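By convention in this document, chain letters (A, B, ...) are assigned in the order of the sequence lines, proteins followed by strands, and residues within each chain are numbered from 1. As the structure is a prediction and not an experimental result, all values here were calculated from the model.
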Amino acid sequence: MPELPEVQTVRATLKDRILNKKIKKIEIIYPKMIESDLLEFQNNILNQSFIDIKRIGKWLIFELNDYYLLSHLRMEGKYFIKEHKMPIIKHEHIIFTFEDDSDLRYHDVRKFGKMNLINKEDLYEVEAIKKQGIEPVDDKLTKEYLLDHFKGKTAPIKTILLDQTIISGLGNIYADEVLFHAGIHPLRKTNTITKKEASKIVEACKFVISKAIEAGGTTIRSYTSSLGVTGLFQISLMVHQQKDKPCQKCNTIIQKIKVGGRGTYYCEKCQK
DNA sequence: AGTGCGACCCGAACGC
DNA sequence: TGCGTTCGGGTCGCAC
């Protein structure tokens, strides 16, 4: 699942490949993917060029001449660059064709991804964007900020770490990793988190996410046009997907439970 | 306001 | 082997 570090890698990789290219044709194979008005999307995107790519949380923000194209990859969204003459394959849902007969193709097995074409002045009118919280590596993410937002919440801390309106960009993998590094049990009631623990969560967020962004960055160098632009971060995960393996810190067997309907991995000795 | 859950999807994993 | 069933995961909308 693309979380903040992967989206950051996709952004950096695509930037090198599509900037200043003008869209001459758009094919929308799966229209439900478009959240904004479909006809406007089809008409307005023609003859626009990509002039920048930004990111807010897990949202990719493609800047065109007159619009922003918002793209959320959800679980399995990927972008490929291909020659237009290549046959359209299964799971390719949106195809942008440039003047040089190259394509930017959006591929998504689960069809969960979303796109949105909006006027530039409306970026912060989009509910999902407006509501994004503070990013893990932002200096504004402090223990005071977290404690303030943890107040009155009885849900498990793991569930709250996934709330994009508080911390923007954490997904299921990094929420588990952050809690391991902070030494906190995923089922802890959020309103019982202490100052010291909130401080550990802040540190863990910055550590885990900056490491992952670095690792995502190394993927860019091995990128070739035949590969999907996914940003496969190859950091070593301490707990996520490590069920039945020994904890790398204390050798205790990693447990898997469900928290808020999400598969959750933790070390029962390191995370109290 | 906060919480919990179904819906959206479909390939993979699982069960018989 | 082959077929049917279950699972998972980010976000939204809805009910409580």
Undergrad: Side chains of A:Lys22 and A:Ser49: donor-acceptor distance under 3.5 Å anywhere?
TA: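 Their side chains do not contain a donor-acceptor pair, so the 3.5 Å distance test is not met.
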Undergrad: Please determine whether side-chain hydrogen bond (donor to acceptor under 3.5 Å, both in side chains) holds for the pair A:Asp103 and A:Thr97, giving the CA-CA distance in whole Å, both sets of side-chain angles, and the decisive distance to 0.1 Å.
TA: CA-CA 4 Å; A:Asp103 281 356; A:Thr97 304; 2.9 Å; yes
Undergrad: Looking at A:Tyr30, does the NZ or CZ of A:Lys32 lie under 6.0 angstrom from its six-membered ring centre and within 45 degrees of the ring axis?
TA: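 Judged by the rule (NZ or CZ under 6.0 Å from the ring centre, within 45° of its axis), A:Lys32 is not positioned above A:Tyr30.
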Undergrad: From the 5' end of DNA chain B to its 3' end, which nucleotides mark the outer limits of contact with chain A, defined by a 4.0 Å heavy-atom distance cut-off (strictly under)?
TA: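 So the contact region on DNA chain B extends B:dG2 to B:dG11.
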Undergrad: Take A:Val109 and A:Thr154, find for each the nucleotide of DNA chain B with the closest heavy atom, and name the residue whose nucleotide sits nearer the 5' end.
TA: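 Nearer the 5' end of the strand: A:Thr154.
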Undergrad: Pairs counted only when both distances fall under 3.5 Å, Watson-Crick or G-U: show me the 5' to 3' dot-bracket for DNA chain C, [ ] for pseudoknotted crossings and | for other-strand partners.
TA: .|||||||||||||||
Undergrad: Students often get this wrong, so: under 4.0 angstrom with heavy atoms, is A:Thr159 touching a base, only sugar-phosphate, or nothing?
TA: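 Counting heavy atoms under 4.0 Å across all strands, no contact is made by A:Thr159.
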Undergrad: When hydrophobic residues are tied together by side-chain contacts of less than 4.5 Å, even through go-betweens, does A:Ile51 share a cluster with A:Ile61?
TA: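 Shared cluster, no.
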Undergrad: Is there any salt bridge (charged side-chain N to carboxylate O under 4.0 Å, His left out) pair reaching into residues 247-272 of chain A, and which pairs are they, with sequence neighbours excluded?
TA: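 Output for this query is empty, none listed.
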Undergrad: A:His107 and A:Tyr79: aromatic ring centres closer than 6.0 Å?
TA: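 No, they do not, as the ring centres are separated by 6.0 Å or more.
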Undergrad: Please indicate whether A:Lys189 has more than 12 foreign heavy atoms, meaning atoms of other residues, nucleotides or ligands, lying under 6.0 Å from its NZ.
TA: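 Open: at most 12 neighbouring heavy atoms sit under 6.0 Å from NZ of A:Lys189.
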Undergrad: Apart from A:Ile253 itself, which Ile, Leu, Val, Met, Phe, Trp or Tyr residues share its cluster (side-chain heavy atoms under 4.5 Å, direct or through members)?
TA: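 Cluster partners of A:Ile253: none, it stands alone.
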Undergrad: Which ILVMFWY residues are connected to A:Met238, directly or by a chain of links, through side-chain heavy atoms under 4.5 Å apart?
TA: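 A:Met238 clusters with A:Phe180, A:Val239, A:Ile254, A:Tyr265.
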Undergrad: Assess the side chains of A:Arg188 and A:Thr192: does a donor N or O sit below 3.5 Å from an acceptor N or O?
TA: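 Side-chain D/A pair, A:Arg188 to A:Thr192: present.
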Undergrad: For nucleotides 5-12 of chain C, read 5' to 3', which letter fits each nucleotide if B means a protein heavy atom sits under 4.0 Å from the base, S means only the sugar-phosphate is that close, and - means neither?
TA: ---BBBBS
